[in-house]
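Given the structure is predicted, the values throughout are model-derived calculations rather than measurements.
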Amino acid sequence: MTKTAVQCAHLSVLEDRNRGRLHEYGGRAANPIFTRYRPKRADELVGGSLFWIIAHQLTVRQEILGFEERQTAKGTECCIWLDAEMVPVKPRRKRAHQGWRYLEDRNKPADMLGGPVDLGNMPQSLVRELAGLGLL
């Protein structure tokens with residue numbers, strides 16, 4: 001699943017935001033995000049990942065731990081629980097959109113950590129520039 005990180009020009013902004021809303025879910029550190037409607041494919045998404053779009057690129061992912069519906073003054077909302085760990089992925093261009101979109105397995109970017117070339121410690125601005133040039 002993909003979602004635009006609204007008002008996050010850089011990964012550090014999303015990291016700060018997530019640090020500020022840490023909770024526990026299922027015995028794990030987790031970040032909640034809220035949406036009006038529960039995804040129709042919610043059951044098959046648990047254990048998968050939510051890929052964040054930052055500056056028109058898929059940049060980082062978080063594991064989807066579960067979904068929870070809540071009643072509020074405005075009606076029902078859905079809480080999507082994400083693992084607190086943010087895993088950098090090989091940047092891929094992606095247009096911003098409202099809400100979420102499903103991402104097919106064949107289109108998921110690879111993790112940048114581990115493997116023959118570990119790009120996890122490289123500055124995100126450099127990774128973005130190299131990806132934009134087609135070098136990653």
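- Taking 4.5 Å as the limit, every side-chain heavy atom of Val87 sits out of range of all side-chain heavy atoms of Met112.
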Q: Just do the side chain to side chain contact (heavy atoms under 4.5 Å, CB included) check on Leu82 and Leu65 with the steps written out, would you?
A: CA-CA 5 Å; Leu82 304 174; Leu65 301 176; over 6 Å; no
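- Using a 4.5 Å heavy-atom cutoff, the side chains of Leu14 and Ile54 are in contact.
- Between the Thr4 side chain and the Val6 main chain, no donor and acceptor come within less than 3.5 Å of each other.
- Checked for salt-bridge contact, Asp111 and Arg61 meet the test: a charged N lies under 4.0 Å from a carboxylate O.
- No more than 12 heavy atoms of other residues, nucleotides or ligands shown are found within 6.0 angstrom of CD on Gln98.
- Residues Tyr102 and Lys40 have side chains in contact (heavy-atom distance under 4.5 Å, counting atoms from C-beta outward).
- No donor-acceptor pair under 3.5 Å is formed between the side chain of His97 and the backbone N or O of Arg95.
- Looking only at side-chain heavy atoms (C-beta outward), Ser49 and Ile64 stay at 4.5 Å or farther from each other.
- Contact check for Glu63 versus Arg28: side-chain heavy atoms found under the 4.5 Å cut-off.
- Between the Asn31 side chain and the Asn18 main chain, a donor and an acceptor come within less than 3.5 Å of each other.
- Distance check: Leu58 CG to Trp52 CH2 gives 12.0 Å after rounding to the nearest 0.5 Å.
- When all heavy atoms of Ala55 and Ala9 are compared, the closest pair comes out as CB-O, 4.1 Å.
- Side-chain heavy atoms closer than 4.5 Å link hydrophobic residues (I, L, V, M, F, W, Y) into clusters, and following such links, even through other members, never connects Ile53 to Val13.
- Between the Thr59 side chain and the Gln57 main chain, a donor and an acceptor come within less than 3.5 Å of each other.
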Q: Under the side chain to side chain contact (heavy atoms under 4.5 Å, CB included) rule, what do Arg70 and Cys79 come out as? Steps first, then yes or no, please.
A: CA-CA 7 Å; Arg70 299 177 175 186; Cys79 176; 4.2 Å; yes
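- Contact detail for His56 and Ala96: the closest heavy-atom pair is ND1-N, 3.8 Å.
- Within a 6.0 Å radius of CZ in Arg36, other residues, nucleotides and ligands contribute 12 heavy atoms or fewer.
- Residues Pro39 and Trp100 have side chains in contact (heavy-atom distance under 4.5 Å, counting atoms from C-beta outward).
- Under the 4.5 Å side-chain criterion, counting only non-hydrogen atoms from C-beta, Thr2 is not in contact with Leu50.
- Between Val89 and Pro109 the shortest heavy-atom distance is CG2-CG, 3.8 Å.
- In this structure the side chain of Thr72 never reaches within 4.5 angstrom of the side chain of Phe34, judged on heavy atoms.
- The backbone N or O of Asp83 sits less than 3.5 Å from a side-chain atom of Gln62, completing a donor-acceptor pair.
- Of all heavy-atom pairs between Phe67 and Ala42, the closest is CE1-O, 3.3 Å.
- Taking both residues in full, the closest heavy atoms of Arg17 and Gln7 are given as NH2-O, 3.9 Å, listed atom of the first, atom of the second, then distance.
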(Q) Would Thr76 and Glu69 count as a side-chain hydrogen bond (donor to acceptor under 3.5 Å, both in side chains) here? Give the steps. (A) CA-CA 7 Å; Thr76 303; Glu69 289 189 32; 5.2 Å; no
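- Cluster annotation: Met86 and Leu22 are assigned to distinct hydrophobic clusters (Ile/Leu/Val/Met/Phe/Trp/Tyr, side-chain heavy-atom contacts under 4.5 Å, transitive).
- A parallel orientation is assigned to the rings of Trp81 and Tyr25, their planes being inclined by less than 30° (bins at 30° and 60°).
- No donor-acceptor distance shorter than 3.5 angstrom exists from the side chain of Arg38 to the backbone of Thr35, with no hydrogens or angles considered.
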